[in-house]
Amino acid sequence: MAAAAPQPPPPPFLATIPENTVPETAPFRHPLYARIRLATILDVPHIHKLIHQLATFERLAHQCTATEASLAATLFPSPNPPLPFTSFNVFILEVSPDPFPPPAPQEDTTNSSPLLKTLHLDLASEDSEKEIFRSEIGGDVVVAGFVLFFPKYSTYLAKPGFHIEDLFVREPYRKHGFGKMLITAVAGQAVKMGYGMVEWVVLDWNVNAIQFYERIGTKVYQDKRICRLTGEDLDVEGSAK
Amino acid sequence: MAAAAPPPPPSPAAIPETIVPETAPPRHPLFARIRLGTIFDVPQLHKLIHQMATYERLTDQFSATEASLAFTLFPSPSPPPPFTSFTVFILEVSPDPFPPTPQDPSNFSPILKTFHLDLPIEDSEKDIFRSEIGGDVVVAGFVLFFPNYSTFLAKPGFYIEDLFVREPYRKKGFGRMLFTAVAAQAAKMGYGRVEWVVLDWNVNAIQFYEQMGAKIQPDWRVCRLTGDALEAFAHLNI
């Protein structure tokens, strides 16, 4: 930073590098601006692709039969869409080389304002699927991940909570804290609404995820198992009569 | 069969119907009904949930009050339509038949079933759990469930948070009746799955669930952020 040549003004938030120790040949940090916002029906094509990528990661692609149409119909029902956070909710994570505009002031404090964060990366991410995931917002904004969650109920607390059904960050954007950012968005919303817990499930072989969850204070239960009744088995006895 | 002499005393093996002794006891009918819970059921529901907490040895985690249950399960002035949010089915029993319920496709019709018991049930808490409906109707259990979502199916489902049958009424098929009610409602609504949690050492429960056609998912682990760990997210910058 002490070179003779004129220096561009430092980007905001760049405060961690002591000026007198950085060699002249050190690369400039690459800022990446991130935003988490509520999804809309226009995000469905990206959500659909992300769900399929998540299914592939979990080795469950054969179970994934969601289509854009079925996602749109169930996540963004019309004509009476439920209020945010009362039914199935999706937060979209977008990234951009340019800053996002600051969020408009929200009159209703229970609604979620978009969350913004700036990262400074040593290397610019190589994203070979950038074009596929270009945000419907336009510009250089790219969809990097999502979280889908819905209310659950804790009887002993007599309080609602959130259940996170899916949390996914695309491969080029992993290991930068985006997973934590998405969980923080959900957990922060839970606390804001006076909710009692946030729950989800993890595959027992996903040691990276388990370690990450434990670091943020999550309890991982070793003795609880999910039970599932599916499809034709739902009609257990035909009738209770 | 048609012997002049009195028939021999029954052996431990099954008794053929044609030689049932005249002294066979009459079966005891017990009429059961599952209906949607209402705010008037909250006092009974609160007691049931506390009994469940005692049974699970989790009373230290129990902080629900009648007021907090009423406020969160039966919010006012705009209660959500049944099955779109947290839903309670109440199980009631009576020595007398329940009135038949008109089948209304636009509303949930209570489910009726008659149980034939060998012995009448001794229920020492009968008066505490007398139904708000009145008469000789007693609350015997409940199930609490809510919609969940499967992204792989792009379909809602139901998640059963609690299912509880009071001790005098166990081992008679009431638990299965409550499960069936939730599963049938899911099927009726075109939902994809019904899910819940079991402890891996609860072999009796696992056997019961598998008999109903449920599959235990061996690879998934439940994660929970609560208490101070959750509160910490109020102050974190992302």
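First the proteins, then the strands, lettered A, B, ... as listed; each starts at 1.
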Between [X] and chain B, with a heavy-atom cut-off of 4.5 Å, which part of the residue counts as in contact: side chain, backbone, both or neither?
| X | answer |
| --- | --- |
| A/Asp223 | both |
| A/Glu58 | side chain |
| A/Ile164 | neither |
| A/Phe162 | neither |
| A/Glu165 | side chain |
| A/Glu214 | neither |
| A/Leu148 | side chain |
| A/Val201 | both |
| A/Ile216 | both |

Quick check for you: among [options], which has the greatest number of heavy-atom pairs under 4.5 Å with chain A?
| options | result |
| --- | --- |
| B/Phe158, B/Tyr149, B/Tyr159, B/Trp201 | B/Tyr149 |
| B/Val222, B/Leu230, B/Thr114 | B/Val222 |
| B/Glu195, B/Arg193, B/Arg221 | B/Arg221 |
| B/Leu199, B/Thr151, B/Thr65, B/Leu73 | B/Thr151 |
| B/Leu69, B/Asn148, B/Asn202 | B/Asn148 |
| B/Val198, B/Ile206, B/Asp162 | B/Val198 |

Among [options], residue most engaged with chain B (heavy-atom pairs, under 4.5 Å):
| options | value |
| --- | --- |
| A/Lys159, A/Lys152, A/His163 | A/Lys152 |
| A/Gln222, A/Arg228, A/Glu199 | A/Arg228 |
| A/Gly217, A/Ala190, A/Ala69 | A/Gly217 |
| A/Val220, A/Thr218, A/Ile226, A/Thr86 | A/Ile226 |
| A/Cys64, A/Ala34, A/Ala158, A/Cys227 | A/Cys227 |

Tell me, side chain or backbone of [X] under 4.5 Å from chain A's heavy atoms, or both, or neither?
| X | result |
| --- | --- |
| B/Tyr191 | backbone |
| B/Ser85 | neither |
| B/Pro80 | neither |

Validation row: [X], [Y] side chains within 4.5 angstrom (heavy atoms):
| X | Y | result |
| --- | --- | --- |
| B/Leu225 | A/Trp200 | yes |
| B/Met52 | A/Tyr156 | yes |
| B/Pro156 | A/Thr74 | yes |
| A/Leu229 | B/Tyr209 | no |
| A/Lys224 | B/Asp200 | no |
| A/Arg225 | B/Gln217 | no |

(request) Spell out, as yes or no, whether a donor-acceptor pair under 3.5 Å connects the side chain of A/Thr155 to the backbone of B/Glu161. (result)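 Not confirmed, A/Thr155 side chain does not pair with B/Glu161 backbone.
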(request) Using a heavy-atom cutoff of under 4.5 Å, enumerate the residues of residues 55-63 of chain B that contact chain A, numbered in order, or state 'none'. (result)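 Result: B/Glu56, B/Leu58, B/Gln61, B/Phe62, B/Ser63.
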(request) Measure the CZ-CG distance between B/Phe152 and A/Leu60 for me, rounded to the nearest 0.5 Å. (result)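 Here the rounded value is 5.0 Å.
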(request) Give me the contact list for residues 41-56 of chain A versus chain B, heavy atoms only, anything under 4.5 Å, ordered by residue number. (result)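 When heavy atoms of chain B are the reference, residues 41-56 of chain A contributes A/Ile51, A/Ala55 within the under-4.5 Å range.
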(request) Inspect the surroundings of CZ in B/Phe108 and state if more than 12 heavy atoms from other residues, nucleotides or ligands are less than 6.0 Å away. (result)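 More than 12 heavy atoms, drawn from other residues, nucleotides or ligands, come within 6.0 Å of this atom.
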Please give me the minimum heavy-atom distance between [X] and [Y], naming the atom from each residue.
| X | Y | result |
| --- | --- | --- |
| A/Gly196 | B/Thr226 | O-OG1, 2.8 Å |
| B/Leu153 | A/Gln63 | CD2-O, 4.3 Å |
| A/Val191 | B/Ala234 | CG1-CB, 3.4 Å |
| B/Cys223 | A/Tyr213 | SG-CD1, 4.1 Å |

(message) Can a side-chain donor-acceptor contact be found between A/Tyr221 and B/Arg224 if the only test is distance below 3.5 angstrom?
(response)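 Yes, because at least one side-chain N or O of B/Arg224 sits under 3.5 Å from a partner of the opposite role on A/Tyr221.
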(message) Ring centroids only, cut at 6.0 angstrom: are A/Tyr153 and B/Phe146 within range, meaning strictly under it?
(response)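 Centroid distance A/Tyr153-B/Phe146: not below 6.0 Å, so no.
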